[in-house]
Amino acid sequence: MARHNRDGQGSDQRGFDYRISFQPDWLQQVKVTRDLESGRQSTKTLFRNPASVREHSPSSRVRTRVVSQEQSIDFEIAIHDPKGVVRRVIVETVAQGDGAEEAVSFSLEDALPRRR
């Protein structure tokens with residue numbers, strides 16, 4: 001039986017705050033990646049699910065929402081995955097901040113083990 005979404009929060013490499021709404025039996029973590037001026041990338045774990053195992057099997061449809069008001073980021077993804085085969089979804093966005101636009105990528109990952 002699927003459970004209602006939970007709310008979490010985190011901060012990225014530049015100190016921007018985020019709210020995350022997630023299905024507790026699907027999402028393990030959210031990582032955020034930004035390009036640096038040097039041409040390299042910086043990746044940080046933005047949020048990690050406090051649960052260490054799944055209480056129930058996720059439903060066939062899971063939703064995750066990521067919001068950062070400071071950067072005008074607000075998106076929600078819904079995945080129809082009846083066989084439970086999706087392990088990672090990558091979302092590329094454009095963040096607005098300090099008068100400039102910047103590409104930001106989010107990796108939503110599922111790897112919570114099942115309860116024994």
Side-chain angles (χ1 to χ4, degrees):
M1 177 166 118
R3 298 186 294 157
H4 294 287
N5 274 20
R6 304 289 190 263
D7 293 320
Q9 59 189 11
S11 297
D12 70 8
Q13 305 92 318
R14 298 212 174 138
F16 291 112
D17 295 324
Y18 293 82
R19 288 189 335 268
I20 293 93
S21 174
F22 65 100
Q23 185 171 346
D25 297 310
W26 186 82
L27 186 73
Q28 180 195 28
Q29 65 185 2
V30 177
K31 292 183 178 181
V32 60
T33 301
R34 293 177 176 273
D35 291 331
L36 303 174
E37 292 178 13
S38 66
R40 297 183 66 176
Q41 289 186 328
S42 172
T43 299
K44 180 182 180 194
T45 300
L46 181 63
F47 170 79
R48 189 177 310 273
N49 188 341
S52 58
V53 296
R54 294 179 177 181
E55 294 292 326
H56 301 283
S57 292
S59 67
S60 64
R61 184 176 178 93
V62 296
R63 293 180 302 119
T64 304
R65 183 176 182 193
V66 176
V67 177
S68 174
Q69 291 183 343
E70 301 166 290
Q71 300 174 94
S72 298
I73 293 175
D74 185 351
F75 68 87
E76 180 176 86
I77 63 159
I79 303 165
H80 180 68
D81 183 24
K83 299 204 185 259
V85 296
V86 174
R87 295 291 176 244
R88 177 180 300 144
V89 175
I90 297 175
V91 177
E92 294 185 13
T93 67
V94 176
Q96 309 282 330
D98 301 329
E101 292 184 348
E102 176 183 19
V104 181
S105 296
F106 297 88
S107 176
L108 312 171
E109 301 176 10
D110 169 33
L112 282 178
R114 299 183 193 284
R115 177 166 280 208
R116 294 178 187 212

Margin query: Applying the side chain to side chain contact (heavy atoms under 4.5 Å, CB included) criterion to E109, which one of Q29, R87, R48 satisfies it?
Written below: Q29

[X]: partners by salt bridge (Lys or Arg N to Asp or Glu O under 4.0 Å), with sequence neighbours left out:
X: E70; result: none
X: R14; result: E102
X: D12; result: R34
X: R61; result: none

With sequence neighbours excluded, residues passing side-chain hydrogen bond (donor to acceptor under 3.5 Å, both in side chains) with [X]:
X: Q96; result: E101
X: R19; result: none
X: S72; result: none
X: S11; result: D17

Next item on the list: Could you grab the distance from atom CG of D110 to atom CD of Q28, nearest 0.5 Å is fine?
Entry: 7.5 Å

Which heavy atom in [X] sits nearest to a heavy atom in [Y], and how many Å separate them?
X: S59; Y: Q23; result: N-NE2, 3.3 Å
X: A78; Y: R63; result: CB-CG, 3.9 Å
X: S60; Y: P82; result: CB-CA, 3.6 Å

Next item on the list: Report the hydrophobic cluster partners of L112, with the cluster defined as I, L, V, M, F, W, Y residues connected by side-chain heavy atoms closer than 4.5 angstrom, directly or transitively.
Entry: none

Notebook entry, point to check: Apart from L46 itself, which Ile, Leu, Val, Met, Phe, Trp or Tyr residues share its cluster (side-chain heavy atoms under 4.5 Å, direct or through members)?
Noted result: F16, Y18, I20, F22, W26, L27, V30, V32, F47, V62, V66, I73, F75, I77, I79, V86, V89, V91, V104, F106, L108

Notebook entry, point to check: So do P24 and E55 actually touch side chain to side chain, heavy atoms under 4.5 Å?
Noted result: no

Notebook entry, point to check: Is there side-chain contact between P50 and R6, with at least one heavy-atom pair below 4.5 Å?
Noted result: no

Notebook entry, point to check: Who are the side chain to side chain contact (heavy atoms under 4.5 Å, CB included) partners of Q41, not counting sequence neighbours?
Noted result: T33, D35

Next item on the list: Taking side chain to side chain contact (heavy atoms under 4.5 Å, CB included) as the test, write out the residues that go with R65, two or more places apart.
Entry: S21, V67, D74, E76

Item checked: From CA spacing to verdict: salt bridge (charged side-chain N to carboxylate O under 4.0 Å, His left out), D25, R115 -> CA-CA 10 Å; D25 297 310; R115 177 166 280 208; over 6 Å; no

